[in-house]
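Worksheet: the structure to be examined is printed underneath.
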Protein chains: 2
Amino acid sequence: MAVVRRKNRVAPPPEKCPLTECLSIIGGAWTPNIIWYLSVQPRRFSELKNDLGSISPKVLTERLKRLEADGVVLREVKPTSPPTVEYSLTELGNELKPAIEAIVNVGHRLKALKQQ
Amino acid sequence: MAVVRRKNRVAPPPEKCPLTECLSIIGGAWTPNIIWYLSVQPRRFSELKNDLGSISPKVLTERLKRLEADGVVLREVKPTSPPTVEYSLTELGNELKPAIEAIVNVGHRLKALKQQ
DNA sequence: GAACTAAGTTACTAAATGGTAACTACATTT
DNA sequence: AAATGTAGTTACCATTTAGTAACTTAGTTC
């Protein structure tokens with residue numbers, strides 16, 4: 001039985017791939033988790049650190065800076081003493097919610113299917 | 001103005017985090033793209049390699065093996081000559097589609113917003 | 001018989017990533 | 001006065017990750 005040469009191409013996920021575009025923002029350890037927490041409510045640095053459990057301050061700082069640079073997260077210094085810093089999702093950041101939610105939902109389904 | 005000690009905790013994304021669960025499967029370079037292509041139709045090794053453009057065969061093999069081990073992808077050797085190998089999504093793999101689609105959709109929105 | 005296709009494998013390298021631990025400065029609480 | 005909380009920073013290290021390039025086996029087309 002000779003090999004069949006298939007010539008059909010699948011159109012690629014269109015130019016400058018939206019998949020890659022979105023993943024370049026939510027990629028990296030902890031990032032989706034951070035966005036998840038911020039989607040619930042604005043959080044302070046130390047609160048996020050606590051929420052996430054074993055993240056190091058170094059990585060948390062890195063992630064927040066990148067998210068801020070990407071326009072996804074807003075950083076606000078509050079005039080308390082000592083000053084506190086509150087992070088929240090920007091409008092652009094809110095756009096990410098559906099993706100995070102979909103991933104969470106699939107995660108639930110995967111867990112359910114695994115347990116059977 | 002004294003610092004406000006906030007005591008409320010945000011409930012963590014529930015035990016053994018579904019977010020992390022799902023990301024452990026779709027994480028890693030090229031993985032979401034591979035799933036995207038397979039969600040359109042079953043694809044052969046060389047077809048995927050072509051679809052993805054600049055992926056190396058080493059990485060493609062790695063990704064496919066892991067996806068197969070995770071029960072997300074089915075690998076079938078076809079009795080052609082030379083033998084060809086067809087990859088497709090399993091039922092479990094199909095569960096991932098909504099997440100990939102959501103990411104793609106958000107990617108579109110991000111691109112649209114950026115261009116303004 | 002040479003070149004090509006299919007589906008990879010292997011050895012090596014470079015870069016990115018994440019983690020650890022210690023440190024800062026200032027203010028408040030005990 | 002000491003400890004704690006706030007929001008980080010810095011230097012260093014280990015691991016992971018991805019990429020390159022060359023190679024394999026076997027059949028098939030030119």
Side-chain angles (χ1 to χ4, degrees), chain A residues 1-9 17 20 23-34 37-38 42-70 73-88, chain B residues 1-9 17 20 23-34 37-38 42-70 73-88:
Chain A
M1 186 193 194
V3 67
V4 180
R5 296 276 156 80
R6 298 202 291 201
K7 298 207 171 153
N8 61 320
R9 306 205 168 168
C17 183
T20 306
L23 288 167
S24 77
I25 292 178
I26 68 173
W30 303 108
T31 310
N33 303 271
I34 292 171
Y37 280 105
L38 293 182
R43 278 321 243 169
R44 300 206 301 232
F45 185 88
S46 55
E47 289 173 328
L48 282 173
K49 192 163 153 20
N50 234 288
D51 293 336
L52 295 164
S54 58
I55 195 175
S56 68
K58 182 197 126 188
V59 171
L60 181 52
T61 305
E62 267 175 24
R63 289 306 107 103
L64 290 170
K65 277 187 178 162
R66 251 209 51 213
L67 289 170
E68 198 193 351
D70 286 339
V73 155
L74 178 69
R75 178 181 186 273
E76 290 176 286
V77 179
K78 299 282 172 169
T80 53
S81 149
T84 53
V85 180
E86 190 163 270
Y87 294 92
S88 55
Chain B
M1 186 194 194
V3 67
V4 179
R5 294 275 156 81
R6 298 201 290 200
K7 298 209 170 150
N8 62 321
R9 307 206 168 168
C17 181
T20 306
L23 287 168
S24 76
I25 293 180
I26 68 172
W30 302 107
T31 310
N33 303 272
I34 291 170
Y37 279 105
L38 293 181
R43 274 326 238 170
R44 300 204 302 230
F45 186 88
S46 53
E47 289 173 328
L48 282 173
K49 191 162 155 19
N50 235 288
D51 293 337
L52 295 164
S54 60
I55 194 175
S56 68
K58 182 197 125 189
V59 172
L60 181 52
T61 305
E62 267 174 25
R63 288 306 108 101
L64 290 170
K65 277 187 179 164
R66 253 208 52 214
L67 290 170
E68 198 193 351
D70 286 338
V73 155
L74 180 67
R75 178 182 184 273
E76 290 176 287
V77 179
K78 300 282 173 168
T80 52
S81 150
T84 52
V85 180
E86 189 163 273
Y87 294 91
S88 55

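Values below: all heavy atoms of this structure, side chains included; hydrogens, waters and symmetry mates excluded. Here is how names work: the chains are called A, B, and so on, in the same order as the sequence lines, proteins then strands, and each is numbered from 1. Keep in mind that what you see is a predicted model, and the values were worked out from it rather than measured.
- Residue B/S46 places no side-chain N or O under 4.0 Å from the OP1 or OP2 atom of C/dT5.
- For the pair A/E47 CD and D/dT6 P, the computed distance is 8 Å after rounding to whole Å.
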List the atom pairs, with distances to 0.1 Å, where a side-chain N or O of residues 62-69 of chain B and a protein N or O form a donor-acceptor pair under 3.5 Å, not counting sequence neighbours.
residue: B/R63; atom: NH1; partner: B/A29; partner atom: O; Å: 2.8
residue: B/R66; atom: NH2; partner: B/S24; partner atom: O; Å: 2.5
residue: B/R66; atom: NH2; partner: B/D70; partner atom: OD2; Å: 3.4

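- Distance check, rounded to the nearest 0.5 Å: CD1 of A/I55 to NZ of A/K49 gives 8.0 Å.
- With D/dT9, D/dT6, C/dT5 as the choices, the nucleotide that has an atom nearest any side-chain atom of B/P82 turns out to be C/dT5.
- The distance between atom CZ of B/R44 and atom C1' of C/dT5, rounded to the nearest whole Å, is 10 Å.
- Side-chain atoms of B/Y37 come within 3.5 Å of backbone atoms of B/D51 as a donor-acceptor pair (strictly under, hydrogens ignored).
- For the pair A/N50 CG and D/dT4 P, the computed distance is 15 Å after rounding to whole Å.
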side-chain contact (heavy atoms from CB on, under 4.5 Å) between B/I34 and B/L60, intermediate numbers included:
CA-CA 9 Å; B/I34 291 170; B/L60 181 52; 3.7 Å; yes
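- Listed nucleotides D/dG8, C/dT9, D/dT28 differ in distance to B/K65; the shortest reach to its side chain belongs to C/dT9.
- A sub-4.0 Å separation between OP1 or OP2 of C/dG8 and a side-chain N or O of B/Y87 is present.
- Here C/dG8 presents its P atom at 14 Å from NZ of B/K78, a figure rounded to the nearest Å.
- Between A/R75 and D/dG8, a side-chain N or O to OP1/OP2 separation shorter than 4.0 Å is present.
- The CD-P distance, from B/E86 to C/dA6, rounds to 14 Å in whole Å.
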Derivation and outcome, side-chain contact (heavy atoms from CB on, under 4.5 Å), residues B/L48 and B/L38
CA-CA 9 Å; B/L48 282 173; B/L38 293 181; 4.1 Å; yes
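- One distance of note links CZ of A/R43 with CG of A/L52; it measures 10.0 Å at 0.5 Å rounding.
- For the pair B/L60 CG and C/dA7 C1', the computed distance is 10 Å after rounding to whole Å.
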In B/S/- notation (B base, S sugar-phosphate only, - none; protein heavy atoms under 4.0 Å), nucleotides 12-23 of chain C written 5' to 3' is ------BBB---
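- In this entry the distance linking CG of B/L52 with C1' of C/dG8 reads 16 Å, nearest Å.
- Rounded to an integer number of Å, the gap from A/F45 CZ to D/dA7 C1' is 6 Å.
- The two residues A/W30 and A/V59 make their nearest non-hydrogen contact at CD1-CG1, 3.7 Å.
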